[in-house]
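It should be emphasised that the depicted structure is a prediction, and the values quoted were computed from it without experimental measurement.
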Amino acid sequence: MQHSPFKFLNAYEKADGERFFGREDEVEQLYQMTYQSSLMLVYGQSGSGKTSLIRCGLANRFDATDWFDIYIRRGDNINRALDQALRNASLDTVPAGTSPAEAVDALYSDRLRPIYLIFDQFEELLILGDRQEQQTFFQNIAALLTPASHCKIILVMREEFIARLYPWEKIIPTLFNKRLRLETMSRDNLLRVITGTVAAANISLQSGEATAEKILDYLSDPRSGVQLTYLQVYLDKLYREAQKQSATVTQFSNRLVEDTGRLDDVMADFLEEQRGEIEAALQADGFELPEEALQILLEQFITPEGTKQPMAKTALQRNLSFDTPLIDAALGQLEARRILRNTEEDVFELSHDALAGHIAQQRSPERLWLQEIVQLIKTRYAAYQQTGDLLTPNELKRITPFRERLSLGPEEREFLKKSYFRQFRNRLLYAAIGLIFVLGGVALLFTQFRLKDQEKQTLALGDAANAKRLVERRNFSKAEILALKAYQRNRETKNDQIHLQHIFEALDMTFWKQQRLEGHEGYVNAVSVSPDGRSFASGGEDGMVKIWQWRQQDSDDLQDWLLNQTLAGASIRSLAFNPHQGDVIAAGDNRGGVYLLQNRGEWRDIAVDTLVPPGNIRTAANGQLIAFSPDMPYRLISAGYNGVVRLWKGGEKEPYRLIAEETFAEPLHALAYGSRGRVVLGSQDGTVRFCRIGPDGSLEVQHSIKEAGRVNAIALGEDERQQLRMFWAGNWGSLVYGQWPAGAAPQRSGEIPHRHFFYEDGDSLAGYVNALALNSAGNLLASGGNDHSIQLWNIHEQEGTLQLMPKGFYLLQNPQDPRKRGWILSLGFLPGGNDLVAGSADHTVKAWILDPEALVRALEEQGGGD
């Protein structure tokens with residue numbers, strides 16, 4: 001079998017100039033920039049061809065005497081990589097301790113050509129480097145950007161990490177002056193790429209440009225664009241399919257394209273095909289593969305942010321529990337199939353960032369969080385070698401639940417051990433100092449404490465009395481504040497006369513009591529409450545949808561909640577009751593399946609109808625989000641990690657049918673369906689899109705906003721003016737709110753830091769918000785995330801502007817037990833009230849029941865007022 005003439009996942013090099021097409025304008029634009037500035041920034045989406053633009057396009061624009069190009073990747077430290085690259089390029093030995101500016105001057109004297117330092121995949125520094133490494137690098141670059149310097153610098157990076165550059169403008173004010181964003185290639189240019197590269201490979205197209213058009217149509221939805229990497233993978237696939245018919249490939253026929261078929265996600269298809277063949281090959285060689293062995297191995301080559309990272313074989317052997325022969329055999333297969341490449345001796349990396357993104361989508365939340373912990377320790381250990389700073393108590397608090405499962409080197413384990421020992425030693429020291437002070441001043445302080453206790457008890461009784469009166473008047477917000485003050489003051493006293501603890505069990509919210517509902521085997525990813533409030537549904541990793549009845553309004557009996565359950569797909573990703581048909585639930589699973597569950601009698605008999613059949617769990621359709629229209633009966637929308645949005649229409653007695661489909665380039669992680677055909681989508685790259693559904697079902701994007709991280713949750717509600725109130729959050733640590741007036745453009749009103757109970761601000765777990773829910777009155781918002789708490793927010797308007805204020809209370813789960821984590825994954829309010837349902841990572845559903853009378857009784861027991 002002949003070697004494929006197409007680049008596949010490899011970048012174009014200077015020698016490929018005759019078959020590099022479609023980027024002539026961008027090459028010329030970048031070439032002109034090199035005469036205008038000493039620093040250029042090139043950025044774009046993964047797969048847009050940034051590296052090829054420079055290595056092939058720009059390189060061929062220069063004469064050999066006009067530039068001397070040095071390509072630099074971070075490796076384990078970008079400053080060491082820069083130093084080594086300059087030493088390797090120098091004709092003479094550069095003395096140790098030579099600064100980059102001095103080394104460049106010496107190199108220019110050797111080469112007599114301008115030196116171009118090209119930092120490819122520059123986001124690696126911003127993702128993996130600690131602050132010291134980053135600061136040293138930017139200071140070195142600033143020293144190179146002098147008028148007398150013979151150096152030009154090009155930073156090449158993925159656009160979603162641009163925001164991480166802004167803090168370094170203070171060192172390099174010209175950082176953003178000359179930048180080139182590589183846009184998605186136009187259809188005309190894509191046709192030129194196809195016809196040009198095929199011709200350069202001495203292959204013809206049966207119908208010329210018409211066959212090229214067919215390739216584009218089969219490759220993807222033209223409206224969402226086509227990544228160049230995906231195009232090369234598809235051309236390579238056509239070539240391999242053609243070789244099965246003839247060893248000498250001279251033509252791509254229309255029939256060949258049709259037989260190869262439509263590939264909505266080329267990279268996912270390629271990975272799935274290759275993984276299947278690799279697993280079969282390894283098993284044929286006698287290896288027993290652990291569950292998800294290849295996925296777990298490939299995850300070693302990506303960062304927590306989903307970008308690729310190099311990994312030495314020795315590190316793989318340390319990090320994985322696999323036998324060394326299995327690792328060696330798997331690496332050999334992955335390299336032979338062009339998924340991995342050996343960058344240096346026994347150091348491997350993924351062939352392209354596009355692969356990293358698809359591998360990242362298959363990570364379980366548990367493996368992702370474990371990877372983030374390991375990355376934290378590695379980064380802090382690298383800093384420790386220079387500064388001597390050990391891990392902080394907050395960092396150790398975050399690490400502790402994972403401690404026994406960490407894959408670390410001996411130096412990193414010793415670093416972790418020293419950090420724990422210092423924490424233990426400091427606690428002993430503080431305890432000893434405290435004991436000395438206590439013993440020395442106990443006589444003096446006893447009288448003062450007693451007087452302060454009496455004062456606090458008096459204030460606590462007064463707060464309790466006022467809280468009772470406010471509760472009786474249904475002014476719950478102020479009552480909560482006063483009750484919490486009373487409780488906190490009482491905790492600080494030594495008198496047992498006041499016992500407010502039963503109001504705040506484990507600091508649960510003032511008026512709620514919790515019912516724990518068990519039965520799921522895995523994370524509970526989705527909950528939804530019926531429009532009549534009589535029942536609610538939950539769905540989880542076990543593929544089960546469980547229907548629960550809500551408590552009877554005139555009874556406190558919390559038994560026999562479960563009505564029925566049914567297996568409805570793979571891991572359930574989302575659920576939605578039809579607001580116009582309380583006996584219909586839509587469900588989406590993590591394999592892209594969409595289902596309708598219909599009640600045939602008090603949920604005792606459930607019929608399941610499949611709207612979209614599930615795909616393979618490893619495909620990019622890994623998760624479907626579901627929402628019904630609140631004001632248009634029998635309208636259903638779904639969105640997936642593959643970027644596909646589908647709209648269905650049904651009737652009281654009519655089956656649901658697909659009426660429209662749109663595709664977006666980024667994976668979609670959040671979906672909300674508002675009134676008057678308004679739809680809000682949240683994506684992996686932080687883009688929030690505000691869309692309207694046209695009469696024909698088409699989805700038109702009217703506005704978009706870019707946030708600092710992935711958007712995980714969106715909640716919508718409508719006020720009396722038909723104005724849409726909007727709330728969204730993700731993994732960047734803030735809660736954003738805005739308004740969408742009827743007949744006007746959406747507005748981003750503001751954002752508020754998301755308060756964290758168990759973690760400090762800046763902790764990556766604290767920043768994750770997974771779920772939002774809005775009560776039917778539109779005055780209370782609930783948010784839940786990875787800090788194990790549900791937080792409540794008051795909503796109101798001031799002078800026509802939406803305002804969001806924290807209520808100050810939390811519903812808490814246990815953050816310490818690693819087997820039953822309290823990550824909040826889904827939320828739903830009961831219609832007409834503030835009762836709340838939550839699904840979490842501890843495999844349970846929680847029903848939080850509002851009971852204001854319990855507070856009244858509790859306050860009366862304290863004798864606090866009338």
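At least one side-chain heavy atom of Arg678 sits less than 4.5 Å from a side-chain heavy atom of Glu718. Arg158 has its side chain within reach of Thr307: a pair of non-hydrogen atoms, C-beta onward, lies under 4.5 Å apart. Residues Trp793 and Ile752 have side chains in contact (heavy-atom distance under 4.5 Å, counting atoms from C-beta outward). Phe664 is listed as a side-chain neighbour of Leu699, based on a closest heavy-atom distance under 4.5 Å. Using a 4.5 Å heavy-atom threshold, the side chains of Tyr641 and His669 count as touching. Side-chain atoms of Val257 and Leu238, non-hydrogen and from C-beta on, do get closer than 4.5 Å to each other. The shortest distance between side-chain heavy atoms of Leu647 and Tyr673 falls below 4.5 Å. Looking at heavy atoms from C-beta onward, Val769 lies out of side-chain contact with Asn712 at the 4.5 angstrom threshold.
Listed by first and then second residue, the salt bridge (charged side-chain N to carboxylate O under 4.0 Å, His left out) pairs that reach into residues 733-749 are Glu707-Arg748, Arg748-Glu751, sequence neighbours excluded.
Here the CG atom belonging to Asn642 is positioned 7.5 Å from the OG1 atom belonging to Thr663, to the nearest 0.5 angstrom. From Leu597, atom CG reaches atom CG of Asp583 across 11.0 Å, with rounding to the nearest 0.5 Å. Between the CE atom in Met185 and the CG atom in Leu231 there is a gap of 8.5 Å [rounded to 0.5 Å]. Considering CG of Leu562 and CD of Gln549, their distance stands at 9.0 Å, rounded to 0.5 Å. With rounding to the nearest 0.5 angstrom, the CD atom of Gln598 is 8.5 Å from the CG atom of Asp609. Atom CG of Leu827 and atom OG of Ser783 lie 7.5 Å apart (nearest 0.5 Å).
Evaluation of the salt bridge (Lys or Arg N to Asp or Glu O under 4.0 Å) rule for Lys649 yields no partner, not counting sequence neighbours. Remark: Arg635 pairs with no residue by the salt bridge (Lys or Arg N to Asp or Glu O under 4.0 Å) rule, at least two apart or across chains. In this view, His352 satisfies the ring pair (Phe, Tyr, Trp, His ring centres under 6.0 Å) rule with no residue, not counting sequence neighbours. Under the salt bridge (Lys or Arg N to Asp or Glu O under 4.0 Å) criterion, Asp631 pairs with no residue, sequence neighbours left out. With sequence neighbours left out, the salt bridge (Lys or Arg N to Asp or Glu O under 4.0 Å) criterion links Arg181 to Glu159, Glu183.
Counting non-hydrogen atoms of other residues, nucleotides and ligands closer than 6.0 Å to CD of Gln702 gives a total above 12.
Side-chain atoms of Asn525 do not come within 3.5 Å of backbone N or O of Arg573 as any donor-acceptor pair. Under the 3.5 Å distance criterion, the side-chain polar atoms of Ser530 are matched with a main-chain donor or acceptor of Ser535. At distances below 3.5 Å, not a single donor-acceptor pair connects side-chain atoms of Gln739 with backbone N or O atoms of Gln747. Within the 3.5 Å criterion, the main-chain N or O of Phe577 finds a donor-acceptor partner in the side chain of Ser528. A donor-acceptor distance shorter than 3.5 angstrom exists from the side chain of Gln295 to the backbone of Ile359, with no hydrogens or angles considered. The main-chain N or O of Leu830 is never found under 3.5 Å from a side-chain atom of Asp835 such that the two would form a donor-acceptor pair. In this structure, the side chain of Asn731 engages the main chain of Arg710 through a donor-acceptor pair within 3.5 Å.
Using the six-membered ring where Trp is involved, Tyr634 and His580 have ring planes that are tilted, between 30° and 60° apart. Using cut-offs of 30° and 60° on the angle between ring planes, the pair Phe628 and Tyr656 is perpendicular. Relative ring orientation between Tyr737 and Phe727 is described as tilted, the plane-to-plane angle lying within the 30° to 60° band.
Taking each heavy atom of Leu671 and Leu625 in turn, the nearest pair found is CD2-O, 3.6 Å. Summarising the geometry of Ser698 relative to Ala660, their closest heavy-atom pair is N-CB, 4.1 Å, with the distance given to 0.1 Å. Among all heavy-atom pairs drawn from Leu681 and Cys691, the shortest one is CD1-SG, 4.1 Å. The shortest non-hydrogen separation linking Ala715 to Leu772 is CB-CB, 3.9 Å. Here the shortest heavy-atom pairing between Leu575 and Gly539 reads CD1-N, 3.4 Å.
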Intermediate values then yes/no, side-chain hydrogen bond (donor to acceptor under 3.5 Å, both in side chains), Asn770 and Asn786: CA-CA 7 Å; Asn770 300 319; Asn786 288 7; 2.7 Å; yes
Audit row: Leu825, Val524, side-chain contact (heavy atoms from CB on, under 4.5 Å) steps and yes/no: CA-CA 7 Å; Leu825 304 177; Val524 181; 5.8 Å; no
Test log, rule side-chain contact (heavy atoms from CB on, under 4.5 Å), inputs Trp648 and Val594: CA-CA 11 Å; Trp648 282 273; Val594 179; 4.2 Å; yes
side-chain contact (heavy atoms from CB on, under 4.5 Å) between Leu636 and Leu611, intermediate numbers included: CA-CA 11 Å; Leu636 171 67; Leu611 295 183; 3.7 Å; yes
Test side-chain contact (heavy atoms from CB on, under 4.5 Å) applied to Val845 and His520, step by step: CA-CA 8 Å; Val845 182; His520 280 287; 4.1 Å; yes
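Look at Asp542 and Lys546 and you find no salt bridge, because none of the NZ, NE, NH1 or NH2 atoms lies under 4.0 Å from a carboxylate O. Electrostatic pairing of Arg689 and Glu662 does not count as a salt bridge here, judged by no charged N lying under 4.0 Å from a carboxylate O.
Ring-centre distance between Trp728 and Phe690: below the 6.0 Å cut-off.
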